[in-house]
Peer 1: 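Pasting a structure here, questions to come.
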2 protein chains.
Amino acid sequence: MGRKREFDEEKALDAAMQVFWKKGYHATSLTDLTMNMKLQRPSIYSAFGDKEKLFEATLRNYTKLHISNIRSKLQPDKSVKDAIRSFFEGLIEEEYQGNQNKGCFCINTMVELAPHDEKFEILTREHQMYLSVIFQEMIQKGIQSGEFHRDLDAKALAQTFVVSLIGITVLMKSRPEQSFIDSAISNTLSLLK
Amino acid sequence: MGRKREFDEEKALDAAMQVFWKKGYHATSLTDLTMNMKLQRPSIYSAFGDKEKLFEATLRNYTKLHISNIRSKLQPDKSVKDAIRSFFEGLIEEEYQGNQNKGCFCINTMVELAPHDEKFEILTREHQMYLSVIFQEMIQKGIQSGEFHRDLDAKALAQTFVVSLIGITVLMKSRPEQSFIDSAISNTLSLLK
DNA sequence: ACAATTTCATACTAATCGGTATGAAATTTA
DNA sequence: TAAATTTCATACCGATTAGTATGAAATTGT
């Protein structure tokens, strides 16, 4: 009963994600997508639905990858503070070495679409909440191991780190002096004690 | 020698700013602009040039207004810490009371355009640097008055506040629980001591 | 009053937008 | 091998995009 799909759906989704990530939703045209996904328009529509459905699929794909990416970067061999520090420092490197400057796809979407579409408001909010849980677990680990004071508010601190993460990611788009970012990181980390 | 311009250029610019602020550059059409500015297309083009020129004019207008707005909100009668605190708390109120959720026009532009257009990279960077100078002056005032420790790094702290300001402004677009934002504010303010 | 000049409104342009109808090519099951 | 079914490529759709040509209405300086 019929041909099998010739293209790799996962690779196509990934290519679409790269375009939306770099250009945003409104600035991305179907022509951009066909070129980068190396697919004809009808193939895209039959596989993913319309432009918005495709966008949503790429964003959901991104959040999954992002979470596992972050989990893998928070190296458990170091102290908690050092792990978080090198995670933040890695952010700078990624963004300043490569001259792509795409930032975080979820944050980009929060700015572009969350205020105009509840679906993306919820999706982006939940992602940030999940990130804060990851930080919270780290901090709690640090408290239990005696690395941090017992009376540290792990949840509030984790939320503060998420806010810093967002601020840093966004600010880097304007390419300020690195010391600007360094100050923010070092001050934020100083809350861990 | 000819008619005088019938419309108020300043009000037209302000109306354009509101549209770009709310919808962003790419999602704003010339039709959106004509409707909100209550001007015909040729009037817009003769007065402001093309869409991008108009956008740039509205953004420059915004940054000026934003700076004076912030200066007026940092009430000099309170202690420095309280002034900064109520400035941040005012942010939440504005964004959560009114259900507009436009955020900061400059930050929106940093996300949407700075990575694709050096002109906006520079413009948005300089605005953030200017904001950090305002905070720095406040903190230095607090040091001189004895409100803060003498060995506080005013510049680094000011930059940290700008990063928090950006993070909070962006995160609010996803409408998280207010306690999320409150934690970030209170932790950031705790650096002032 | 008249001539010069500018504004503003209509209507238009070419190009691009997101989305789809159509049909041939390909591959499957029977 | 034949019938059924799906994929993929071409070519198209109406709508909308940013931007403009044209000309009438209005207001200026002389």
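No experiment lies behind these values; they were computed from the predicted model shown. Reminder, nothing fancy here: chain letters follow the sequence lines and each chain counts from 1.
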Peer 1: For residues B:F120 and B:F55, establish whether the separation of their ring centroids is below 6.0 Å.
Peer 2: yes

Peer 1: Salt-bridged, A:E94 to A:K73, with N to O below 4.0 Å?
Peer 2: yes

Peer 1: Can you give one letter per nucleotide of nucleotides 12-17 of chain C, 5' to 3': B if a protein heavy atom sits under 4.0 Å from the base, S if only from the sugar-phosphate, - if neither?
Peer 2: -----S

Peer 1: Near DNA chain D, counting only heavy atoms under 4.0 Å, which residues of residues 13-26 of chain B show up?
Peer 2: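 When residues 13-26 of chain B is checked for heavy atoms under 4.0 Å from DNA chain D, there are no hits whatsoever.
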
Peer 1: Please determine if A:K11 and A:D14 form a salt bridge, counting it only when a charged side-chain N lies under 4.0 Å from a carboxylate O.
Peer 2: no

Peer 1: Look at B:S43 and C:dC8 and indicate whether a side-chain polar atom (N or O) is within less than 4.0 Å of OP1 or OP2.
Peer 2: yes

Peer 1: Would you please say whether a donor-acceptor pair under 3.5 Å links the side chains of A:N61 and A:T58?
Peer 2: no

Peer 1: For the helix from C:dA1-D:dT30 to C:dA30-D:dT1, what is the angle between the axes at its two ends, each from 5 pairs, rounded to 10°?
Peer 2: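 What I find for the helix from C:dA1-D:dT30 to C:dA30-D:dT1 is an axis angle of 10°.
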
Peer 1: Is there a donor-acceptor contact under 3.5 Å linking the side chains of A:S183 and B:K155?
Peer 2: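 B:K155 and A:S183 do not have a side-chain donor-acceptor pair below 3.5 Å.
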
Peer 1: Between A:K51 and A:Y25, is NZ or CZ placed under 6.0 angstrom from the six-membered ring centre and within 45° of the ring axis?
Peer 2: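 Cation-pi check for A:K51 and A:Y25: passes.
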
Peer 1: Is A:D50 paired with A:K53 through a side-chain N to carboxylate O contact shorter than 4.0 Å?
Peer 2: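 No, no charged N to carboxylate O under 4.0 Å.
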
Peer 1: Answer yes or no: does atom CD of A:Q75 have more than 12 heavy-atom neighbours from other residues, nucleotides or ligands under 6.0 Å?
Peer 2: yes

Peer 1: Over how many whole Å does the gap from A:D50 atom CG to C:dT20 atom C1' extend?
Peer 2: 13 Å

Peer 1: Could you please spell out the steps behind the salt bridge (charged side-chain N to carboxylate O under 4.0 Å, His left out) verdict for B:E137 and B:K141?
Peer 2: CA-CA 6 Å; B:E137 288 169 357; B:K141 212 179 68 178; over 6 Å; no

Peer 1: Rounding to an integer number of Å, can you tell me how far B:Q40 CD sits from D:dA24 P?
Peer 2: 18 Å

Peer 1: I'd like to know if A:K119 and A:E52 make a salt bridge, using a cut-off of under 4.0 Å between side-chain N and carboxylate O.
Peer 2: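 So A:K119 pairs with A:E52 through a salt bridge.
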
